[in-house]
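One structure below.
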2 protein chains.
Amino acid sequence: MAVRLKDIAQELGVSVVTVSKVLRGNSDIGDATRKRVLKRMKELNYRPNMLARGLANGRTYTVGLVVPDLVHPFFAECAKALGGVLRNSNRALILASSEDDPEIEKQEIRALISRGVDVLIIASCQSDLRSFRQLGDEVTPCILFDRNFPHLKAHFVGSDDTRVGELATEHLIKIGRKRIAHIGAKDTSPALDRLRGYRNALEKHDLASPSKYVVIRDRLEETGDLIGFEAMQQLLQLKSVPDAVFCYNDLTAVGATDAILQAGLRVPEDIALIGCGNFRYAKYLRVPLSSIDHGTAELGRITGELALDLSEKRERKPKSILVPPTLVARHSTVGDAARPKTKK
Amino acid sequence: MAVRLKDIAQELGVSVVTVSKVLRGNSDIGDATRKRVLKRMKELNYRPNMLARGLANGRTYTVGLVVPDLVHPFFAECAKALGGVLRNSNRALILASSEDDPEIEKQEIRALISRGVDVLIIASCQSDLRSFRQLGDEVTPCILFDRNFPHLKAHFVGSDDTRVGELATEHLIKIGRKRIAHIGAKDTSPALDRLRGYRNALEKHDLASPSKYVVIRDRLEETGDLIGFEAMQQLLQLKSVPDAVFCYNDLTAVGATDAILQAGLRVPEDIALIGCGNFRYAKYLRVPLSSIDHGTAELGRITGELALDLSEKRERKPKSILVPPTLVARHSTVGDAARPKTKK
DNA sequence: CTGAAAGCGCTAACAG
DNA sequence: CTGTTAGCGCTTTCAG
């Protein structure tokens, strides 16, 4: 195996403990010894064995993250920002993807706990609180991320999804649309909250929201384009076709765009479209997409900092952080008016 | 802390070793005892402490992956496929992002080795072989991924990038283009190989490749759109403007598209464009993008399997696996001809 | 300022 | 079939 503390200690004729103390910058070591030890460590390219350290002191300097889908731009971006924060504090990120399957998620959580992560961060796809409860171990601190369980008193970092729904819908109202539909997702807190926001906004402006205008679908994260396409086709069948749609996420909006164009209609002249996430390619699409930006990288950063906090001081009462969303208007709602204002 | 083997052993009046053996499915345990033990494990929701196990037997059932950028669709997709393979064999994936910075990469590799990963997978951004050599520990098996160091005898899994360059360029030639440019990247093996493939194809068809037609840029992975935009503008300045461009990756091609349209020219009528990576949104772009698909998920899968192999039997001579690329033609090269053939 | 002793939770090797 | 003995590499008392 690699170089161990023992090796260095023997070579230098000191004890393992002394070397260990130097390693961790403990102050009660003579200056001469300290220098000798440090020098030898460099030379031998010593790397502490984190397993042993973890076993000995109960901490692993490790954070586990479980997301439904790594390829999803939102989660990828968050994971990246999170990783950056952790790296600066010498923590490693262990990543697990649940493929949006509650069973896999459960398995992954078990695995992460087995590995002794100091903090667990989860964007859960469990549909009910009860199943979620059984997953933890009551000792590893846990941060709910993006998806909340309202009645669970746990740490949460996510966007203000009710506000997301309001912002999107109000924008559509502001550009004069009256028949506003929503293609939404199932069960998760962002889905429910965005729907609520959508309803809030309509109500506030005395607009109708016939139940046919709300289309709820599954698996919008991975195959949103296909589902959005199909859901939009359904909306196009209605006797009174909507003149605007608030889509659960950008990918869904992309699919919806396709359906509209394929039906020979125009975006936004006939139907305006807004998504959510403001993903990297939104401005390069066939129809540059208006979207609600929920500060993705920011979310990752904040989550990372909370994780660090939790791994230091275990107390801390449940804390809920909501990042406020912002509107980015592009062609899919405001048409050519987008050009001068938002670049491209 | 959590439930330990010892707890179960004491409760049941057997030894720790017995319980440990049951845990690992060791065959030399009586049926009655086994059942009792298993039952109690379930009840207590026992989770083995992987740190302790790793320390005791020298393996951690963990694989480390270092990529330049997690948000890049290529790496995200690969990481996902890789994670899937590992999960099925009860391995965890520890992910690190180097932000395309050789120093960070070095630091991350050290950290992963400290954590005792069984296998290390690296898409390295070191520009020279020498700096790379010093990173490893000569004992953790290592797989080079996507980016190779030709003269290093190590395991490699990646696409056949020379073929990528040939395929792209030959496609442009086949649709009748004569003045074919290339926007390429720096230093890494895919960059050099794709450039080589580009040159091979031109040479084979007796086409000129003036040096001004090759624009090499940095950081094409993260900000490819901006760089592609700027590089394309430079190509548009030439007295003899190219009639086709093979772009290093899709993001770069997206930026180039923008530059061309903004200059009042058409894609593909005036300038045809092909990218590489065939990313998820290629078909939804303003100009649906032709691209070379290098079997992203496949790459992840293969890498995962090789990693499993390596973590079992350490011998194994360096193995180099090249995945053959395929062409996906869309509007950006073949114009409306794309419609009937490739959907959308 | 330095070090000896004990132990983290688990497994490998060998005895009975 | 079951258990004893040792030890993985490091940290934590606590005594010198």
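Proteins get letters first, then strands, A, B, ... in listed order; numbering begins at 1 in each. Quick caveat: nothing in here was measured; it's all calculated off a predicted structure.
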Can you give me the bend angle of the helix from C:dC1-D:dG16 to C:dG16-D:dC1? Use the axis through the first five pairs and the one through the last five, nearest 10 degrees. 40°

How many angstroms lie between atom CG of B:Leu112 and atom CE of A:Met50, to the nearest 0.5 angstrom? 11.0 Å

Closest-nucleotide mapping onto DNA chain D: is B:Leu55 or B:Arg34 further toward the 5' terminus? I mean the 5' end. B:Arg34

So that I can tick it off, tell me whether A:Glu221 and A:Arg147 are bridged by a salt bridge, with the cut-off set at under 4.0 angstrom between side-chain N and carboxylate O. yes

Regarding B:Arg59 and B:Glu312, does a basic nitrogen lie under 4.0 Å from an acidic carboxylate oxygen? yes

Do any N or O atoms of the protein come closer than 3.5 Å to N or O atoms of nucleotides 10-14 of chain C, and which pairs are they?
residue, atom, partner, partner atom, Å
C:dC10, OP1, B:Tyr46, OH, 2.3
C:dC10, OP1, B:Asn49, N, 3.4
C:dC10, OP2, B:Leu5, N, 2.7
C:dT11, OP1, B:Arg53, NE, 2.7
C:dT11, OP1, B:Arg53, NH2, 3.2
C:dT11, OP2, B:Ser20, OG, 2.6
C:dA12, OP2, B:Arg24, NH1, 2.7

Distance-minimising heavy-atom pair for B:Arg91 and B:Thr62: CG-N, 4.1 Å

Salt bridge flag under 4.0 Å for residues B:Lys80 and B:Glu77: no

It should be established whether A:Ser15 places a side-chain nitrogen or oxygen under 4.0 Å from OP1 or OP2 of nucleotide C:dT2. no

Quickly work out the A:Ile29 CD1 to D:dT11 C1' distance and round it to whole Å. 13 Å

Just how far, in rounded Å, is C1' of D:dC10 from CG of B:Leu51? 12 Å

Between C1' of D:dG9 and CZ of B:Arg115, the distance in whole Å: 15 Å

Rounding to a whole Å, what distance do you find between B:Asn26:CG and D:dT2:P? 11 Å

If every non-hydrogen atom of A:Ser97 is compared with every non-hydrogen atom of A:Asp69, which pair is closest and at what distance? OG-CA, 3.9 Å

What integer distance in Å separates A:Ile113:CD1 from C:dG9:P? 16 Å

Under 3.5 Å, is there a donor-acceptor pair between the A:Ser20 and A:Arg24 side chains? yes

One pair to check against side-chain contact (heavy atoms from CB on, under 4.5 Å): A:Leu51 and B:Leu51. What are the steps and the verdict? CA-CA 5 Å; A:Leu51 291 187; B:Leu51 291 187; 3.3 Å; yes

Within the pair A:Thr33 and C:dT2, is there a side-chain N or O less than 4.0 Å away from OP1 or OP2? yes

